[in-house]
Amino acid sequence: MTAILALQLTLIVPLCGALLIALCGRWPNLREAVTLSTAGLLFYLVIQVFGAVERGGDEAAALYVELWQILPGLHIALHSEPLSILFALVASGLWIVTSVYSIGYMRANQEKRQTQFYVCFAVAIFGAMGVAFAANLLTLFLFYEILTLSTYPLVAHKGDDKARAGARTYLGILLATSIGLFLPAMMWTYFVAGTLDFRPGGILDGNIGGIGATILLLMFMFGIGKAALIPVHRWLPAAMVAPTPVSALLHAVAVVKAGVFTIAKVVIYIFGLDFLVDVPHEVVAVYIAGFTIVVASILALRQTNIKRMLAYSTVSQLSYIVLAVLVLTPLSEIGAIVHIVAHAVAKITLFFAAGAIYIASKKTEINQLDGIGFRMPITMGAFAIAALSMIGVPPTGGFVSKWYMIAGAFQIDSYFVLIVLTLSTGLNAAYFLPIIFRAYFRKESVAPPKPHGEAPLPMVGAICVTALLTLLVFFLNGPLVAFEMAVLGVPR
């Protein structure tokens, strides 16, 4: 199979999978077999594209497909480069694990509309692949909106008033930011640069300057609502009404990663790092990201519900990536890229664990977790590993990304960034470590209605895989860092 064919199939396979899943709705075993097969095939296709990019040369340069020309110089097109591959590998690889987990969760909880769930999940991954491999801002915007619309039914999955209200908040904020800010920012970019193509070094240098460039940057930052910067973050905790596999999709597999990925693409390939260094008041964007990190961490500290605490933690952790991208040093950019992976595998582990606790014990509050580590040692062990990664403790992936972020801040003597990273690390420890302490060092205060152990095997297996990946990012980060240096043009 040629790499160019594999690139095109990364869009076709999820859509075909969604259709087949819908047709197999009356046969649950077959439906779920199609889901897993589609996820596995997609990951294989992304690996094929990755191989071509890694080999470089003419094969990598030819990885461009024009799907539809709207106007001269304005087209829907696909292209692959290292940052695209990273996001595609994360989304497609974690889809496999999330599908396995979902089978155990949806069956154990006897969820309704399971076929709709798997169909929408497949369409969402289609949107994520389009975002990953978009060759220009127009293509990215189109698939960004597909991702928003396809996940709306997932957020509203339970069908009650609370779910519908959360879904309306989710859809309203994401559409308002993208149409009200992202789309005008894109149009402004096309007007001044004459193109929306992603190019190394950016397309805005010499086409816009002064306060205009700063305003455009802020329009992109707040217009890309999936990055969840304060004050456009409320959709994320509101979406916690969804089933846990959906929360995993939102927080780790596709949605929020599409947000920070888009900001990284805009900074690196639209503005360009060298150009942004000279943009006046660019530091305002750094302050916004730092403010989001600290305030969201404080909000997480105040939560009593497990999933809501994890939601505010995600808001904070996403801004780590945004902050690192905006520091504009090679080491900080590497830290941002590594954190996309480290946060994905750790946060999905935390949500998997929260869902497993709910399925096994029906517990949803932090103060209910006393002694649960002895009833669910595998789940809580995985939770502890992922929590340590969120804090940034070795040997977890979060330590590696924070190391590069701190090193990048030292490159430019940014004491603000260093203070933010230090303060937020302490706050992360303040809301994660008490949960681990409760689980292992407090006796069970109230016995459950019936004795329980671990959640169903597919859920526990998925949790173990993602916890292991959290450790592997620490021990095997060299190839990841070396590959992603290509994004910045840094010699390996």
Side-chain angles (χ1 to χ4, degrees), residues 1-24 33-70 73-99 118-147 150 196-200 253-254 257-258 261-262 265 269 341 479-480 483-484 486-487:
M1 179 186 298
T2 63
I4 196 72
L5 176 60
L7 179 61
Q8 296 174 66
L9 288 175
T10 58
L11 294 185
I12 296 171
V13 165
L15 278 185
C16 292
L19 177 61
L20 290 174
I21 291 166
L23 294 175
C24 297
V34 170
T35 297
L36 291 172
S37 300
T38 305
L41 178 57
L42 178 62
F43 185 66
Y44 169 78
L45 293 169
V46 175
I47 291 291
Q48 297 301 304
V49 180
F50 165 76
V53 172
E54 176 69 8
R55 288 188 295 271
D58 294 339
E59 186 178 13
L63 284 175
Y64 180 90
V65 180
E66 184 175 309
L67 302 177
W68 179 32
Q69 180 173 305
I70 299 175
L74 198 61
H75 42 266
I76 307 299
L78 304 178
H79 177 60
S80 181
E81 44 81 31
L83 188 56
S84 299
I85 287 292
L86 176 74
F87 178 44
L89 284 172
V90 169
S92 61
L94 291 182
W95 186 25
I96 301 173
V97 185
T98 306
S99 296
Y118 290 112
V119 168
C120 290
F121 217 115
V123 176
I125 295 299
F126 161 75
M129 290 299 103
V131 169
F133 292 121
N136 53 59
L137 267 177
L138 177 63
T139 306
L140 191 151
F141 180 83
L142 172 65
F143 285 100
Y144 180 98
E145 298 292 50
I146 289 172
L147 185 56
S150 62
L196 295 175
D197 290 349
F198 294 124
R199 294 177 184 171
V253 179
K257 290 301 173 296
F261 168 82
T262 301
K265 291 278 280 191
Y269 295 118
V341 179
L480 172 63
F483 181 65
E484 291 306 325
V487 176

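Between Thr98 atom OG1 and Ile125 atom CD1 the span is 7.5 Å, to the nearest 0.5 Å. Here CD of Gln48 is found 12.0 Å from OG1 of Thr10. Values are rounded to the nearest 0.5 Å. Rounding to the nearest 0.5 Å places OG of Ser150 at 10.0 Å from CZ of Phe121. Taking CG from Leu89 and CD1 from Ile47, the interatomic distance works out to 5.0 Å, rounded to the nearest 0.5 Å. Here CD of Gln8 is found 10.5 Å from CG of Leu63. Values are rounded to the nearest 0.5 Å. Note that CG of Leu36 is 12.5 Å distant from CG of Leu41, once rounded to the nearest 0.5 Å.
Minimum heavy-atom separation, Ser99 to Thr35: OG-CG2, 3.6 Å. Pairing each heavy atom of Val34 with each of Cys24, the nearest pair is CG2-SG, 4.1 Å. When all heavy atoms of Phe43 and Ser92 are compared, the closest pair comes out as CD1-OG, 3.4 Å. The shortest non-hydrogen separation linking Thr38 to Pro14 is CG2-CA, 4.2 Å. Residues Phe261 and Leu83 come closest through the heavy atom pair CE1-O, 3.5 Å. Between Ala258 and Leu147, the closest heavy-atom pair is CB-CD2, 3.6 Å.
Between Phe143 and Phe126, the ring planes are perpendicular. Angles over 60° get that label, and only those under 30° would be called parallel.
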Acceptor/donor pairs from residues 128-136 side chains to any protein atom, 3.5 angstrom cut, sequence neighbours excluded:
{"residue": "Asn136", "atom": "OD1", "partner": "Leu138", "partner atom": "N", "Å": "3.2"}
{"residue": "Asn136", "atom": "OD1", "partner": "Thr139", "partner atom": "N", "Å": "2.8"}
{"residue": "Asn136", "atom": "OD1", "partner": "Thr139", "partner atom": "OG1", "Å": "2.9"}
{"residue": "Asn136", "atom": "ND2", "partner": "His75", "partner atom": "O", "Å": "2.9"}

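Scanning for ring-ring contact (aromatic ring centres under 6.0 Å, His included) contacts around Tyr144 gives Phe182, with sequence neighbours left out.
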Would you sort out whether Phe198 and Lys265 count as a side-chain contact (heavy atoms from CB on, under 4.5 Å), showing the intermediate values? CA-CA 8 Å; Phe198 294 124; Lys265 291 278 280 191; 3.8 Å; yes
Take Ile76 and Leu142 through the side-chain contact (heavy atoms from CB on, under 4.5 Å) test and state the conclusion after the steps. CA-CA 9 Å; Ile76 307 299; Leu142 172 65; 4.3 Å; yes
Could you please spell out the steps behind the side-chain contact (heavy atoms from CB on, under 4.5 Å) verdict for Leu9 and Leu5? CA-CA 6 Å; Leu9 288 175; Leu5 176 60; 3.9 Å; yes
What verdict does the side-chain contact (heavy atoms from CB on, under 4.5 Å) test give for Glu81 and Tyr269, after you've listed the backbone C-alpha separation in whole Å, the side-chain angles of each residue and the deciding distance to 0.1 Å? CA-CA 11 Å; Glu81 44 81 31; Tyr269 295 118; 2.8 Å; yes
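Counting only heavy atoms from C-beta outward, the side chains of Leu11 and Leu15 never approach each other to under 4.5 Å. Counting only heavy atoms from C-beta outward, the side chains of Phe141 and Leu137 never approach each other to under 4.5 Å.
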